[in-house]
Amino acid sequence: MEAQMQARRQRSSRAWLRAIGTGALTLFLSLPLSLAQQPASDDAAQQAFNNSCRTCHSMKEGDNRLGPNLNKIVGRKAGALPNDNYSSSMKEAGFIWDQDKLTRFMVKPDEVVSGHKMQPYGGISAEEAAKVVAYLQAASQ
């Protein structure tokens, strides 16, 4: 009799765990794909962008402000957006923005493009720059 009770408890416990697992899987699969793929640091990355870039830059394509829009900046040629007032040094930079170049530019802009127009911007920490680059890539997809 004791063995039957124990077997019944084990079956009940397995059924309960199966139901929990199925419920969790259903919840995960019902999330919008964009939420399921976002890293936990998205809020911090967006905040870093807002604190360091948003005054002069937009993420909206075609919305050039004091500085060019940064939509799809990774992979774009430096100084290449039409209708933006780039410095001659930025127009002639001759490189494509990648993660490393963007990070270095945000940390020490004069070392990447001497004569840029982001004055008096003097740079941000490498940690904040990495967050901004993560935001730029996520927001450009």
In one Ile/Leu/Val/Met/Phe/Trp/Tyr side-chain cluster, 4.5 Å: M106, V74: yes

Aromatic F95 / basic K101 pairing, under 6.0 angstrom, 45° off normal: yes

R65 with D63: basic N within carboxylate O range, under 4.0 Å: yes

I124 vs V132 side-chain heavy atoms within contact, under 4.5 Å: yes

D84 versus G67, closest heavy-atom pair with distance: OD1-C, 3.7 Å

D100, CG atom: more than 12 neighbouring heavy atoms under 6.0 Å: yes

F105/H116 aromatic ring centres below 6.0 Å: yes

Distance-minimising heavy-atom pair for V107 and A129: CG2-CB, 3.9 Å

Nearest atoms (heavy-atom pairs only) where A48 meets K131: CB-CB, 3.8 Å

Sub-4.5 Å side-chain heavy-atom contact between V113 and M118: no

Distance, nearest 0.5 Å, that separates CD of Q46 from CE of M59: 9.5 Å

Minimum-distance pair of heavy atoms, taken over all atoms of N71 and K60: CB-C, 4.4 Å

Residue pair Q137, Q99: steps toward the side-chain contact (heavy atoms from CB on, under 4.5 Å) verdict: CA-CA 9 Å; Q137 289 186 297; Q99 291 176 320; 2.6 Å; yes

Stepwise side-chain contact (heavy atoms from CB on, under 4.5 Å) test for L81 and R76: CA-CA 9 Å; L81 276 182; R76 182 194 308 161; 3.1 Å; yes

same_hphob_cluster(L102, Y86) at 4.5 Å side-chain heavy-atom cutoff: yes

Distance, nearest 0.5 Å, that separates NE2 of H57 from CG of N64: 10.0 Å

